[in-house]
Novice: 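Can you keep this structure in mind? I'll have questions shortly.
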Amino acid sequence: MAQKHLEDFSLAQSEPKKEMKAEALPLTKAATREKDKKRVFPPLAPENLPPSYFVSATYDGQKCKALIKLYEPVSGKIYFWYDNTGHKPYCLTNLSQYELEKLTRLTQHQGFDHFEIVEKFDPLVNRIVSITKIVARDPLAIGGRPRGCIRDIIPEDFPNVSDVQIAQEEIKVWESKIKYYQCYIYDRNLLPGMIYGVKNGDLVPKDLKEIEEMVKQIKGIFKGATAEELQHIEQWARLLEYPAPKFRRVAMDIEVCTPIATRVPDPREATYEVVCVSLYDSDGQKRVLLLKRQNTREGNENLPADVIIEKFDTEENLIRAVFDVLWSYPFVITFNGDDFDLRYLAHRAENLGFRRNEIPIEVGKRVCLLKYGVHIDLYKFFFNRSIQIYAFNNRYRDVRLDDVGTALINMEKIRLEKGIGELTYTELAKYCFRDSEITFKLTNFEHELVMKLILVLARISSMPMDDVSRQGVSRWIRNFMHREHRKRNMLIPNAEDIIAKKGKTVTKAIIKGKKYKGAIVVEPVPGVHFNVAVMDFPSLYPSIMKVWNLGYESILCLHPECRNNLVPDIPHWVCTRKRALESLLIGSLRDLRVQWYKPKSKDKTLPAEFVSWYNITQGALKVILNASYGVFGADSFDLYCPPVAEATAAIGRHSITQILNKAEQIEIQVLYGDTDSLFLKNPSRKQIEELTHWTEKELKMSLDVDKVYRYAVFSSRKKNYLGVLEDGSVDVKGLTGKKRHIPIFIKKAFDRMKERLARVKTPEDFEKAKKDISEIVQGCYMRLKRREWDSLSDLAFNVVLGEEPERYTKTTPQHVKAARILKENRVDVRAGDLISFVKVIREPHVKPVELATKNEIDVDKYIAHLHSTFDQVLDALGLDFDEIIGLTKLERFM
DNA sequence: GCGGACTGCTTACCT
DNA sequence: ACAGGTAAGCAGTCCGCG
């Protein structure tokens with residue numbers, strides 16, 4: 001495979017060979033061929049293209065057509081396919097053609113094409129309406145320019161509703177903010193991420209016969225599903241079962257030499273020289289391109305033997321060599337390339353006098369895309385909170401290459417002692433090479449997990465891979481909702497219309513400033529409890545949406561006969577006549593995850609590559625399902641509908657309360673519970689079965705035993721406990737000892753306690769363990785008192801600065817005080833930075849670690865923190881901090 | 001002028 | 001630009017205190 005896609009250069013034509021003054025090679029065969037290759041742009045798909053993956057889409061402003069980027073995995077190339085159906089951009093309005101023709105600004109608009117009358121189902125008024133489609137020649141004519149767009153002209157030129165004759169009380173424009181290529185994807189029923197061929201110039205989906213058997217098997221396990229549900233399960237399964245290709249790709253990193261070592265150069269100015277670029281590709285080719293400079297020594301660092309070092313006499317030639325790469329790889333991976341590497345290269349090339357069409361980069365406001373392939377900026381991807389938490393279980397905490405690399409693939413960046421400009425060639429090469437190596441490997445571990453995850457998300461959301469890797473979960477959900485609206489010929493409602501009709505919530509949140517009441521947390525029973533079963537509803541909220549038919553259309557529907565189908569405890573009702581889209585789509589995704597992908601991802605009898613695919617798929621579904629309730633309560637979501645979220649939460653409270661009562665009734669002690677879980681003390685198998693059956697029958701939802709703790713420790717605090725599993729692993733939830741801001745000095749002591757607790761098997765073991773724990777605490781206390789710590793940084797609190805330091809006006813928290821001190825010392829501090837500070841005796845009682853000295857540490861403050869951290873566990877064990885550290889009751893009183 | 005009771009702000013966590 | 005609920009620590013305010 002690696003060889004194969006380098007063999008085919010049939011596209012190479014025209015354009016004079018570029019001058020390259022590289023030396024100090026030798027080049028491998030592959031690299032030589034790559035250099036010889038000549039570029040043809042655009043890379044048009046031939047009349048008949050072998051099966052290729054739909055990886056991206058855009059609008060070509062010159063050809064005025066939708067453009068699909070197809071990745072052909074055998075040659076490892078991208079092919080462009082332009083629309084040949086004459087599809088055009090449009091928006092919709094409730095004004096008639098007659099009225100619209102009065103608007104000369106519209107009919108004379110250079111982008112205007114024609115009107116059509118269409119019928120669509122309007123979900124908010126629950127009937128088919130006749131509306132006018134305004135077709136344009138260019139998507140920017142509909143919207144997207146600051147002034148004079150069609151969607152703005154209509155309300156501007158009809159300022160008064162009385163000017164026109166319409167049935168509704170308002171002039172409306174719909175679907176004018178959908179990106180044109182998304183519109184194209186929906187209307188043509190295309191599936192990004194799936195496989196297509198080109199036959200006689202037409203784009204045709206490849207038939208998926210190799211997965212038919214599997215799809216049949218999947219449908220077979222959903223016995224209770226309705227025909228409609230089954231149809232959707234099948235639709236999702238087709239998308240998710242089809243295998244992924246190998247992704248031919250290159251990771252890239254650049255270094256720029258700046259006069260001031262601490263400043264990051266501005267990519268919009270691109271004032272300074274690009275001195276090094278490293279490239280690491282999926283065929284194992286590793287290159288470092290260096291710029292020859294005066295006063296730079298060679299150095300004697302060793303790089304891996306297979307790294308090819310190329311030196312360039314001029315920066316221009318170096319950048320040309322990099323651009324050759326960007327013109328030829330289907331996928332280019334960077335870490336922060338949107339805001340730095342690609343942006344810098346593009347502006348630098350401009351400054352150096354490159355012609356526009358020589359630059360392979362499309363520079364946008366916030367992104368940098370490639371004219372040829374697909375640029376994945378891993379920083380954007382890993383920054384996504386949903387990805388961070390649900391796909392990677394919070395394994396990395398700061399979104400920096402070093403941190404993500406260490407956490408996911410155990411690779412660190414190379415630490416620099418000096419600025420880029422002072423490095424020798426080999427030092428610079430080694431440093432830069434490591435970055436592209438980490439970047440590449442972040443897309444390569446676990447059978448190319450990251451690439452496949454992006455592919456799966458692209459399929460679910462009907463989005464290009466470049467968009468899906470940059471945008472948040474609410475966009476993914478919105479886009480598959482849009483797709484399904486179009487598929488059903490439903491009008492996509494405007495957010496303000498949903499709000500006007502269904503915007504009210506009726507419950508009062510516990511937290512001030514929130515819109516509605518959320519979940520229930522059961523008061524824990526403090527103490528140590530042996531044999532604790534944790535039961536939970538798998539995907540509670542998506543289940544509720546499915547079972548209760550929740551969606552913006554069904555909540556508070558217009559049918560009088562549905563008004564008595566009430567949500568428990570609140571006055572909202574739900575439609576009984578028509579299935580809501582969200583309920584159907586999210587419900588079927590949930591069932592597919594719970595009943596197929598989750599079990600398959602744990603099936604040890606399958607080959608590793610399959611398990612990995614199932615695991616990736618279930619992970620992608622998890623990310624989407626976890627957010628599927630929340631988006632309805634987020635005003636940034638296009639189908640924002642607070643009563644849907646409110647009803648979901650209300651039914652959740654109702655469900656857990658019902659089980660609580662049932663458990664009590666069959667005499668199981670409930671120790672704790674949170675939202676969708678119950679912690680049961682020593683239940684019998686029979687009791688568990690009874691609860692499960694009852695839930696299945698009465699609530700129409702599944703209830704599983706998630707795990708069994710050998711023992712669990714609760715304090716009186718909610719969302720705070722420690723549980724030891726049978727295999728000796730320890731779950732710590734919410735305890736201060738695991739929070740990332742506390743000093744490692746305290747954290748280490750806490751971890752020692754954790755290790756000790758893991759070894760406790762029986763209630764009898766506890767006595768010995770308590771003694772050991774007391775000693776751990778005692779030792780820690782003494783070391784503090786004697787000021788015996790390894791380094792000051794062990795005492796640092798690390799707190800994220802949520803805002804720019806000046807923006808704190810109401811209060812000045814300690815980390816902000818420290819940040820301001822740093823600023824006074826000319827250290828650049830910005831929102832999002834992690835501030836490390838220690839507590840000191842003198843005002844203002846905090847100091848950035850790097851400025852503090854041992855003697856000024858306020859030891860008593862640290863003892864107080866040690867105290868409160870351990871108290872969360874100690875009181876459950878019947879231990880007392882003060883007694884442990886040897887204070888008598890009298891001393892404490894004094 | 002100072003401490004206690006209180007509220008509010010901020011961060012990090014849980015589901 | 002998914003939600004609400006909880007814990008902890010500190011900042012700031014008010015009030016009483018001969």
Side-chain angles (χ1 to χ4, degrees), chain A residues 383-387 389-390 394 397 470-478 505 507-524 534 536-542 586 622-642 644-650 652-653 656 672-679 706 715-721 731-742 797-803 807-819 832 834-835 839 844-846 861 864-865 867-869 871-872:
Chain A
F383 191 82
N384 184 316
R385 285 290 287 171
S386 300
I387 292 293
I389 297 170
Y390 299 116
N394 249 328
R397 305 188 103 157
R470 287 173 172 78
Q471 301 190 335
V473 61
S474 71
R475 296 294 181 86
W476 308 340
I477 295 175
R478 174 193 74 183
T505 53
T507 54
K508 192 173 171 297
I510 291 173
I511 308 171
K512 200 154 41 167
K514 300 288 184 185
K515 291 172 286 230
Y516 59 89
K517 199 183 212 40
I520 286 179
V521 187
V522 181
E523 201 73 52
V534 184
D536 73 345
F537 295 100
S539 311
L540 174 67
Y541 288 168
I586 292 163
K622 176 177 166 191
V623 172
I624 292 198
L625 290 168
N626 270 319
S628 62
Y629 136 84
V631 291
F632 289 98
D635 56 13
S636 55
F637 183 55
D638 288 64
L639 300 174
Y640 173 51
C641 188
V644 169
E646 184 180 38
T648 311
R653 292 194 298 274
I656 197 168
Y672 177 62
D674 186 347
T675 312
D676 60 356
S677 66
L678 287 175
F679 291 59
D706 182 34
S715 68
S716 54
R717 300 160 186 85
K718 295 170 173 181
K719 297 183 191 282
N720 260 269
Y721 64 87
D731 279 349
V732 175
K733 300 290 178 180
L735 303 183
T736 305
K738 86 175 271 193
K739 296 201 176 185
R740 76 155 169 180
H741 70 275
I742 67 159
F797 287 81
N798 301 286
V799 179
V800 172
L801 195 61
E803 314 242 10
R807 301 275 302 270
Y808 293 84
T809 49
K810 292 167 187 132
T811 59
T812 313
Q814 294 197 323
H815 67 294
V816 179
K817 288 194 175 118
L834 195 65
I835 308 295
K839 306 212 175 191
H845 304 296
V846 287
K861 271 269 177 261
H865 275 281
H867 187 158
S868 66
T869 303
D871 253 7
Q872 294 175 343

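Values below: all heavy atoms of this structure, side chains included; hydrogens, waters and symmetry mates excluded. Residue numbers start from 1 in every chain, and the chains themselves are labelled A, B, ... in the order their sequence lines are given, proteins ahead of strands.
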Novice: Contact class for A:Y541 (heavy atom, under 4.0 Å): base, sugar-phosphate, or nothing?
Specialist: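 Since no nucleic acid heavy atom lies under 4.0 Å of A:Y541, the category is nothing.
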Novice: Can a side chain N or O of A:Y721 be found less than 4.0 Å away from OP1 or OP2 on B:dT15?
Specialist: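 So the side-chain polar atoms of A:Y721 do come within 4.0 Å of the phosphate oxygens OP1 or OP2 of B:dT15, strictly under.
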Novice: Reading DNA chain C from 5' to 3', where do the contacts with chain A start and stop? Cut-off is 4.0 Å to heavy atoms.
Specialist: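 So the contact region on DNA chain C extends C:dA1 to C:dG12.
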Novice: Taking for each residue the nucleotide of DNA chain C with the nearest heavy atom, is it A:I511 or A:A627 whose nucleotide lies nearer the 5' end?
Specialist: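 Mapping each residue to its closest nucleotide by heavy atoms, the 5'-most match is A:A627.
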Novice: Determine, step by step, whether A:Q872 and A:Y721 satisfy the side chain to side chain contact (heavy atoms under 4.5 Å, CB included) criterion, reporting the C-alpha distance in whole Å, the side-chain angles of both residues, the deciding distance to 0.1 Å, and the verdict.
Specialist: CA-CA 8 Å; A:Q872 294 175 343; A:Y721 64 87; over 6 Å; no
Novice: Can you tell me the distance, in whole Å, between the NZ atom of A:K718 and the C1' atom of B:dC14?
Specialist: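 After rounding, the reported distance stands at 12 Å.
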Novice: Quick one: label A:N720 by what it contacts on the DNA or RNA (base, sugar-phosphate, nothing), any heavy atom closer than 4.0 Å.
Specialist: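 The residue A:N720 makes sugar-phosphate contact but no base contact.
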Novice: Quickly, which of A:K517, A:E646, A:R653 forms a side-chain hydrogen bond (donor to acceptor under 3.5 Å, both in side chains) with A:T507? Name it, please.
Specialist: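 Testing A:T507 for a side-chain hydrogen bond (donor to acceptor under 3.5 Å, both in side chains) against A:K517, A:E646, A:R653 leaves exactly one candidate, A:E646.
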Novice: Minimum heavy-atom separation for A:S628 and A:I477, please, with both atom names.
Specialist: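 Heavy-atom minimum between the residues: CA-CD1, 3.9 Å.
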Novice: Look at all strands and tell whether A:A645 reaches a base, only sugar-phosphate, or nothing, counting heavy atoms closer than 4.0 Å.
Specialist: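 Nothing, no heavy atom under 4.0 Å.
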Novice: Please determine if A:D674 and A:K718 form a salt bridge, counting it only when a charged side-chain N lies under 4.0 Å from a carboxylate O.
Specialist: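 Here A:D674 does not pair with A:K718 in a salt bridge, since their nearest N and O are not under 4.0 Å apart.
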Novice: In whole angstrom, give the distance that lies between atom CG of A:L678 and atom P of B:dT15.
Specialist: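 Nearest whole value for this atom pair: 13 Å.
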Novice: Return a single string for nucleotides 5-13 of chain B, one symbol per nucleotide in 5' to 3' order, where B is base contact, S is sugar-phosphate-only contact and - is none, cutoff 4.0 angstrom on heavy atoms.
Specialist: ---SSSSBS
Novice: How would you label the contact of A:G518 with the nucleic acid (heavy atoms, under 4.0 Å): base, sugar-phosphate, or nothing?
Specialist: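 Sugar-phosphate: the residue A:G518, judged by heavy atoms under 4.0 Å, touches backbone atoms but no base.
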Novice: Would you check if there is a donor-acceptor pair between the side chains of A:K861 and A:H845 at a distance under 3.5 Å?
Specialist: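 Side chains of A:H845 and A:K861: no pair found under 3.5 Å.
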Novice: Under 4.0 Å, counting only non-hydrogen atoms across every strand here, what does A:T648 touch: a base, just sugar-phosphate, or nothing?
Specialist: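 The residue A:T648 makes no contact with any strand.
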Novice: With a cut-off of under 6.0 Å to the ring centre and 45° to the axis, is A:K508 in cation-pi contact with A:Y516?
Specialist: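 Verdict for A:Y516: no cation-pi partner in A:K508.
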Novice: Please tell me which of A:K839 and A:K517 maps to the more 5' nucleotide of DNA chain C, matching each residue to the nucleotide holding its nearest heavy atom.
Specialist: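 Taking each residue's closest nucleotide, the earlier one in sequence belongs to A:K517.
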Novice: Is there side-chain contact between A:F797 and A:H815, with heavy atoms separated by less than 4.5 Å?
Specialist: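 Sidechains of A:H815 and A:F797: no contact.
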Novice: Please check if the distance between the ring centroids of A:F632 and A:Y640 is under 6.0 Å.
Specialist: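 A:F632 vs A:Y640: aromatic centres not under 6.0 Å.
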Novice: What heavy-atom pair brings A:I656 and A:T675 nearest, and what distance separates the two atoms?
Specialist: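 The answer is CD1-O, 3.5 Å.
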